[in-house]
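Predicted model, so just to flag it, every value in this text is computed and none were measured. Sequence lines set the chain letters: A, B, ... in the order given, protein chains first and strands last, and positions in each chain run from 1.
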Amino acid sequence: MPELPEVEVVRRGLEQWVVGRTIAGVSVYNPRSVRRHTAGGADFGDRLRGLTVTAVRRRGKYLWLPLDTGDAVLAHLGMSGQLLVQPPDRPDEKHLRVRIVFTGPGGAGGADRELRFVDQRTFGHLMVVPGGAELPAPIAHIAPDPFESAFDPDAFAAALRRRRTGLKRALLDQSLISGVGNIYADEALWLSRQHWARATETLTAAETAGVLDSVRTVMSAALREGGTSFDSLYVNVNGESGYFDRSLRVYGRRDEPCVRCGTPIRRDVFMNRSSFSCPTCQPVPEGARL
DNA sequence: CCGCGTACCTGATAGC
DNA sequence: TGCTATCAGGTACGCG
């Protein structure tokens with residue numbers, strides 16, 4: 001379940017392995033994985049052949065590879081996507097969707113590698129965005145993430161006051177703040193002692209600042225640990241699992257004692273997904289949007 | 001424009 | 001044993 005820290009781990013790995021490499025060929029094994037590339041899988045490959053990757057960028061949970069033409073390959077891992085850098089003779093993964101092969105030997109240590117997009121549930125996707133090197137048009141509506149200098153805390157606070165919705169729903173809205181998913185939303189809410197249904201327009205400036213601070217804190221911690229995973233779905237760029245679940249304070253800990261006060265953690269269903277919280281540290285506020 | 005519900009997808013697991 | 005139901009959840013889209 002890649003959120004910002006996991007995607008950043010992938011970005012760093014790709015930066016090491018694919019920057020400077022020239023694309024020799026592309027194979028698309030499942031058209032659904034390039035469904036947002038409306039011209040289709042053949043066109044996806046045709047547009048990439050011969051181009052050189054110049055960088056690896058990220059905003060929130062989106063990644064993109066700027067190319068020497070000014071175009072870019074845009075990627076989203078969805079629920080279960082992985083971008084693996086593998087030796088070409090490594091057997092194909094069961095859910096291999098797209099393979100990108102580079103010209104000649106190269107990469108770190110001179111070892112040859114190819115880039116594989118592996119995605120069990122196919123919620124992720126790749127697409128070529130003409131002129132997308134700086135900021136791909138399809139993600140222009142995504143807000144900066146809280147680690148970007150472009151992120152504006154005052155604008156975020158103002159947006160929360162304008163909204164008539166619950167705090168967790170707002171944290172998951174990528175047009176307000178990007179990179180936060182279900183897991184780190186719960187962790188940040190617990191750390192800042194806020195309930196997920198808190199009406200956003202009632203938040204004080206100090207409370208909003210506290211929530212933002214908690215978002216950065218839990219994501220920084222996850223990044224230091226190399227990302228979160230509960231199973232083999234999330235694997236970093238070299239195929240190594242990034243386990244971090246033991247550091248989670250509330251997520252997935254239903255009925256376990258809150259590490260702050262001992263009260264059993266509660267699980268609520270919200271937006272058709274699980275929300276974990278401490279009933280004592282995060283009481284249901286007045287005017288809650290349940 | 002805004003808030004909110006739902007479709008999309010596969011595999012693991014639980015229950016009968 | 002084998003079937004069905006449920007759960008996992010990020011994003012786009014459509015409805016009111």
Side-chain angles (χ1 to χ4, degrees), chain A residues 1-8 10 28-38 58-64 74-83 93-98 117-127 129 136-143 145 156 158-189 196-202 215 219 222 227-235 241 243-245 248 250-254 267-276 287-290:
Chain A
M1 303 133 212
E3 300 183 28
L4 185 153
E6 290 79 11
V7 178
E8 175 60 18
V10 173
V28 176
Y29 302 108
N30 187 334
R32 181 171 158 79
S33 294
V34 294
R35 64 194 176 282
R36 292 191 70 192
H37 189 90
T38 49
R58 182 188 57 74
R59 166 164 284 187
K61 304 169 196 171
Y62 279 93
L63 281 172
W64 68 97
L74 179 64
H76 195 288
L77 302 178
M79 284 289 302
S80 55
Q82 302 166 237
L83 279 165
E93 293 77 8
K94 181 174 181 188
H95 301 293
L96 177 64
R97 309 304 189 189
V98 178
F117 182 63
V118 176
D119 188 10
Q120 179 205 111
R121 295 176 215 179
T122 68
F123 276 46
H125 63 89
L126 304 180
M127 68 188 297
V129 182
I139 62 166
H141 66 291
I142 300 292
D145 66 59
F156 177 67
L160 288 187
R161 281 195 297 276
R162 276 195 305 271
R163 286 289 174 111
R164 295 292 180 270
T165 190
L167 180 53
K168 182 171 175 181
R169 193 184 288 277
L171 287 176
L172 296 177
D173 186 336
Q174 305 295 301
S175 70
L176 299 180
I177 179 173
S178 67
V180 184
N182 198 44
I183 296 169
Y184 296 119
D186 279 7
E187 292 297 309
L189 289 168
W196 51 265
R198 174 71 184 272
T200 55
E201 75 274 21
T202 67
V215 167
M219 288 188 162
T228 296
S229 175
F230 305 110
D231 50 37
S232 60
L233 286 180
Y234 168 69
V235 184
S241 287
Y243 275 88
F244 182 58
D245 56 318
L248 297 179
V250 282
Y251 193 85
R253 296 182 173 271
R254 171 161 51 166
R267 172 185 179 268
D268 299 305
V269 175
F270 165 70
M271 291 173 80
N272 282 325
R273 34 181 68 66
S274 294
S275 282
F276 298 91
R289 297 226 155 74
L290 298 168

Short question: side chain of [X], backbone of [Y] - any donor-acceptor pair under 3.5 Å?
{"X": "A:D119", "Y": "A:R97", "value": "no"}
{"X": "A:T200", "Y": "A:R163", "value": "yes"}
{"X": "A:E187", "Y": "A:L248", "value": "no"}

Rounded to the nearest angstrom, tell me the gap between atom [atom1] in [X] and atom [atom2] in [N].
{"X": "A:Y62", "N": "C:dG10", "atom1": "OH", "atom2": "P", "answer": "12 Å"}
{"X": "A:R121", "N": "C:dT6", "atom1": "CZ", "atom2": "C1'", "answer": "13 Å"}
{"X": "A:F123", "N": "B:dG11", "atom1": "CZ", "atom2": "C1'", "answer": "12 Å"}
{"X": "A:D173", "N": "B:dC1", "atom1": "CG", "atom2": "P", "answer": "14 Å"}
{"X": "A:N30", "N": "B:dT10", "atom1": "CG", "atom2": "C1'", "answer": "11 Å"}
{"X": "A:D119", "N": "C:dT11", "atom1": "CG", "atom2": "P", "answer": "13 Å"}
{"X": "A:L172", "N": "C:dA12", "atom1": "CG", "atom2": "C1'", "answer": "15 Å"}
{"X": "A:M79", "N": "B:dA12", "atom1": "CE", "atom2": "C1'", "answer": "13 Å"}

Looking only at side-chain N and O atoms, does [X] come under 4.0 Å of OP1 or OP2 in [N]?
{"X": "A:H141", "N": "C:dA12", "answer": "yes"}
{"X": "A:K94", "N": "B:dT10", "answer": "no"}
{"X": "A:Q174", "N": "C:dG10", "answer": "no"}
{"X": "A:R163", "N": "B:dC2", "answer": "no"}
{"X": "A:S274", "N": "C:dA8", "answer": "yes"}
{"X": "A:H95", "N": "B:dC9", "answer": "no"}

Strictly under 3.5 Å: I want the nitrogen or oxygen pairs between protein and nucleotides 4-6 of chain B, one per line.
| from | atom 1 | to | atom 2 | distance (Å) |
| --- | --- | --- | --- | --- |
| B:dC4 | OP2 | A:T165 | OG1 | 2.7 |
| B:dC4 | OP2 | A:R169 | NE | 3.3 |
| B:dG5 | OP2 | A:R169 | NH2 | 3.4 |

Presence of salt bridge, A:E201 and A:R289, under 4.0 angstrom |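 Salt bridge present between A:R289 and A:E201.
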
Under 4.0 Å, counting only non-hydrogen atoms across every strand here, what does [X] touch: a base, just sugar-phosphate, or nothing?
{"X": "A:F270", "result": "nothing"}
{"X": "A:H125", "result": "nothing"}
{"X": "A:R36", "result": "sugar-phosphate"}
{"X": "A:R267", "result": "sugar-phosphate"}

Would you mind telling me which of C:dT11, B:dC9, B:dG11 lies closest to the side-chain atoms of A:Q120?
->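 Closest nucleotide among those given: B:dG11.
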
Evaluate side-chain hydrogen bond (donor to acceptor under 3.5 Å, both in side chains) for A:S178 paired with A:K61, printing each intermediate quantity in order.
-> CA-CA 7 Å; A:S178 67; A:K61 304 169 196 171; over 6 Å; no

A:R58 to A:W64 - nearest heavy-atom pair and separation =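 Nearest heavy atoms, A:R58 then A:W64: C-CZ3, 3.8 Å.
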
Geometric class of the A:H125/A:H76 ring pair [parallel <30°, tilted 30-60°, perpendicular >60°] |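 Correct class here is parallel.
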
Tell me yes or no: between the side chains of A:W196 and A:D186, is some donor less than 3.5 Å from an acceptor?
->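 No donor-acceptor contact under 3.5 Å links the two side chains.
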
